[in-house]
Amino acid sequence: ALGGRLGATLDPTARWRVHAYFRALGSLSGDPDRPRWAGLENRFTLGRDLALRFDLARSREHGRLFNAATLSLLWYL
């Protein structure tokens with residue numbers, strides 16, 4: 001498999017970080033499937049040891065589309 005990933009991370013505010021990415025794979029063996037993924041990851045700092053993470057992702061594999069959304073509370077001990 002041969003692939004690549006492209007992304008960017010931005011801090012719109014001191015408490016908010018955004019990471020956008022795109023990845024793709026190809027095959028040298030002749031497999032016609034070319035999986036791709038795209039996503040947007042957000043982290044909002046709520047306090048010194050607490051953050052909220054919200055991620056959106058979309059992928060295409062074997063001709064099917066998949067969507068995902070995740071909301072997580074991060075507590076740093």
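Here, residue 1 is the first one in the sequence, and each next residue gets the next number. Being a predicted model, the structure only gives us computed values, none of them experimental.
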For the pair Leu50 and Leu73, evaluate side-chain contact (heavy atoms from CB on, under 4.5 Å) and give the outcome as yes or no after the intermediate values. CA-CA 7 Å; Leu50 200 60; Leu73 182 64; 3.9 Å; yes
Please tell me whether Phe44 and Leu40 are part of a single hydrophobic cluster in this structure, the criterion being side-chain heavy atoms less than 4.5 Å apart. yes
Can you run down the ring pair (Phe, Tyr, Trp, His ring centres under 6.0 Å) pairs that involve residues 49-77, sequence neighbours left out, and say none if there aren't any? none
Of all heavy-atom pairs linking Ser72 and Thr70, the shortest is OG-CG2, 3.6 Å
Answer whether the closest heavy-atom distance between the side chains of Leu71 and Leu52 falls below 4.5 Å. yes
Set of residues satisfying side chain to side chain donor-acceptor pair (under 3.5 Å) with respect to Ser29, sequence neighbours excluded: Ser27
Show me the pairs that pass side-chain hydrogen bond (donor to acceptor under 3.5 Å, both in side chains) and involve residues 45-56, at least two apart or across chains. Arg53-Asp55
Connected-component partners of Leu65 among ILVMFWY, side-chain separation under 4.5 Å: none
Smallest separation among heavy atoms of Gly3 and Leu25, with atom names: CA-CD2, 3.8 Å
Salt bridge (Lys or Arg N to Asp or Glu O under 4.0 Å): pairs with one or both residues in residues 57-73, sequence neighbours excluded: Asp33-Arg60
Got a sec, which pairs hit side-chain hydrogen bond (donor to acceptor under 3.5 Å, both in side chains) with one end in residues 14-26, sequence neighbours left out? Asp11-Arg17, Trp16-Asn42, His19-Glu41
